[in-house]
Amino acid sequence: MRNLSVKILFVSILISIFAGCVQQAPTGNTTTPIPTASVPLELRLATTTSTCDTKLLDVLNKKFEETNNVKILTVCEGTGKAIATGELGAVDVVMVHAVDSELKAVANGSFINRSYMMYNYFVIIGPENDPAGIRNASNATEVFSKIASKQSAFISRGDSSGTHIMEKSIWKAANITPAGTWYQSNGKGMGDTIITADTKEGYTLSDRGTYLSMKDKIKLKILFESDQKYLFNPYHVMSANPVKFPNVKYDLAMKYIGYVLSPQGQDIIRNYGKDKYGEALFVPEEDAGDVTGP
Amino acid sequence: MHSELIRVQDLGKSFGKRVVLKKINISINEGEIFALMGPSGVGKTTLFRILNLLEKPSEGRLFFRGSELTGGTICENINARRSMSMLFQTPCLLNTTVFNNVAFGLMIRKVDKNTIREKVMNALIIVGLEGNEEQKARTLSGGEAQRMAFARAIVYDPDILLLDEPTSSLDPANVAMIEEIIKRIRHERGTTIVIATHNIYQVKRIADRGGILLNGELIEVNSIERIFEAPEDARTKAFINGEMIY
Amino acid sequence: MSSIDFLFQGIIKAFELIFSLNPYIISITGVSIRVSGTATILATLTAIPLACGITFLNFKGKQALITLINTGMGLPSVFVGLFIFLMIVPAGPFGFLKMYYTQEAMILAQYILITPVICGISLAAIKAVPQPVIDTVYTLGGSRKDIVITMLREARFGLFTSVLAGLGRALAEVGAILIVGGNIAYTGSVGGIGEGLSYTRSLTTAITLETSKGEVSTSIALGIILISLVLSINILANFFQRME
């Protein structure tokens, strides 16, 4: 009769798992009991990996959640996929950084209320000994030309993210079609790509924020920055179009966008990272001054 | 006594073009031990499978207690099947304990637990396996396994027990035990027993009547004394004298 | 710091995270077990009756169904994930169900992935039951139903193994649930260890994310839990196989 007891044990384990699911599935979260009767609304946000990896969203979203009794479900997947996700109606709001893709998605009616929220600069990072000698280049296209002519290892995001789109436009401006074993497409997020580049001692293009948030864990250094033309990296938020997708939480999305652009939200962006990295990772739109978003 | 339990009438069986049984006629009486003799591969197993309704005959009729079974499906004849029991040359052991194996026929008949316990223990005593009930069936030796299968076959008191070469792969000690069990079952319960064997000495030791099956034909049916002392067919004589190669 | 030291420290910190019952790690483990466990139960309830039907019934298209199941055993998970995602997003035909980025969607994806696995292994297990078992059951007075029950009972260890194989595949799967679930955690844990809890972030998808962030010790902690779960399942499966 030992078989029977094994069977009963097995079935009861499965049932207990199942019961757990039945209890938890409806809200997806039982560990945060809400004393008041109101169940928090859920806002779905698709965003690029840089805002996730730098943990800016942890701080930015927390405040919004607390004041509005909202749970923000953040999908971190890179700009290309975040926009594609929004075009399928699966999210309420996106926070991305690829101007052309954004404008295209607005033009096809998937998004409305595209708003400039902050910027930072892309940086070109690489091993400290700088085998391609890019430190003294005058602009980003020259940097890329030097890397290509020396055939130094270059790790590309290769995932249609905002960073990848920017990288491709620099190659194009330099009149180079990168190919060969030195040019490696990673197909992953920013953090992953930096780690790959660090392991392979190669160059890569990164947003400043993600690099700063990881710089203690890696050996790569910033070798080139401050090219106003090519390395400018503006971030925009936009809401899914409720006319196209009647199910999206448009009002909540607009409230979120309003919050991000409010003095309170902009202040969080302005100060984020100062204590930990000694400098801010992003510059809020408020402080853009003469650097206006496209 | 001597009322007819099974009657086989002009029964034939072929698999495709191969004819296995031809025009078989036998009747088996209640309470007797009937031996079906013949070399290996003459169709004994096929005949047994037809008697136990595992196979359908190609032609002819089969009666059990006077009512015809031919033509019914294996499910329609469940009551007739439940009065029968069959033992194969190699026992098929269910992957569980000896007790559960023996109790199987009673469990599917929805017999109550206490009765099952009582009958199973009784059957295990008959076959000399008392005390082994919690053992895994697959750990039994060949002789023990066949005795367990025997217990499993008799536990629900079938009217007829079909034994298909039950001892052909056993050692002499286990052969003797099985033969004792056969005689005991018939004596105590009056169970009708049909045994297929190619061992003529075994037939002499236990059977009342017998039939010789040769190339799908039943060449002689007679009492054991007549078969061994005054066989009617020359081929019967050759078989019992061991002149037939098998 | 050499790379060995780095790994070593990562492992030490990983054990600290596990033994301090870090809520982020625990909630991720909970999501994995809940999603994969439920998918396995549902898949078992489909696959084993299906395997029985294929074994015991004769119907048109049976061979085609077997081919389908065998193909399904090797379905690439990202393909399943993408397909389901496109079905359940608002622009897709089942958008009204609002299943995108939920645990239910993850359960559905894993259900589709592992049902063929459980069914295929169950089929083989039932087929491996020796043929004389059928004769024996008939001989002892059994009905068709008794035969089915007995065959399943004889195949029970193989059936358990099939369920465990399904559970193992579900737990280790990453491609499909990453797409349909979105790898979401509540705010506070977006950047890694924090006070936020997992919503649709499983052990595998969390490892992908934490590795990309360079959170080595978190990845190792999650990896240790995942390996332990899969290992215990395999030990259990091995145990069943040896009982046979």
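Every chain is numbered from 1 and lettered A, B, ... according to where its sequence line falls, protein lines coming before strand lines. These values consider heavy atoms only, across backbone and side chains, with no hydrogens, waters or symmetry-generated copies.
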*Can you measure from CD1 (C/Ile121) to OG1 (C/Thr161) and round to the nearest 0.5 angstrom?*
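Taking CD1 in C/Ile121 and OG1 in C/Thr161, the distance rounds to 8.0 Å.
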With a 4.5 angstrom heavy-atom cut-off, which part of [X] approaches chain C: side chain, backbone, both or neither?
X        : answer
B/Met86  : both
B/Leu93  : backbone
B/Arg152 : both

*Is B/Arg7 close enough and on-axis enough to B/Phe63, meaning under 6.0 Å and within 45°, for cation-pi?*
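Judged by the rule, B/Arg7 and B/Phe63 form a cation-pi pair.
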_Residues of residues 122-135 of chain C contacting chain B, heavy-atom criterion under 4.5 Å, by residue number_ =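 So the qualifying residues are C/Pro132, C/Val133, C/Asp135.
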*Would you call B/Glu59-B/Lys13 a salt bridge at under 4.0 Å N-O?*
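Salt bridge absent between B/Glu59 and B/Lys13.
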_Which one wins on heavy-atom pair count under 4.5 Å against chain C: B/Leu94, B/Asn52, B/Leu87?_
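Heavy-atom pairs under 4.5 Å are most numerous for B/Leu94.
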*Spell out, as yes or no, whether a donor-acceptor pair under 3.5 Å connects the side chain of B/Thr139 to the backbone of B/Gln135.*
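Looks like no, no N/O pair under 3.5 Å.
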_Main-chain N/O of B/Phe34 paired with B/Arg209 side-chain donor or acceptor, under 3.5 Å_ =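 A pair under 3.5 Å: no.
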*Side chains of C/Thr218 and C/Tyr24: do they bring a donor and an acceptor to under 3.5 Å?*
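There is no such pair between these side chains.
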*Under 3.5 Å, is there a donor-acceptor pair between the B/Tyr156 and B/Ser85 side chains?*
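Note: B/Tyr156 and B/Ser85 side chains meet the donor-acceptor criterion.
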*Indicate yes or no: at least one non-hydrogen side-chain atom of C/Ile69 is less than 4.5 angstrom from one of C/Ile54.*
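SC-SC contact between C/Ile69 and C/Ile54 confirmed.
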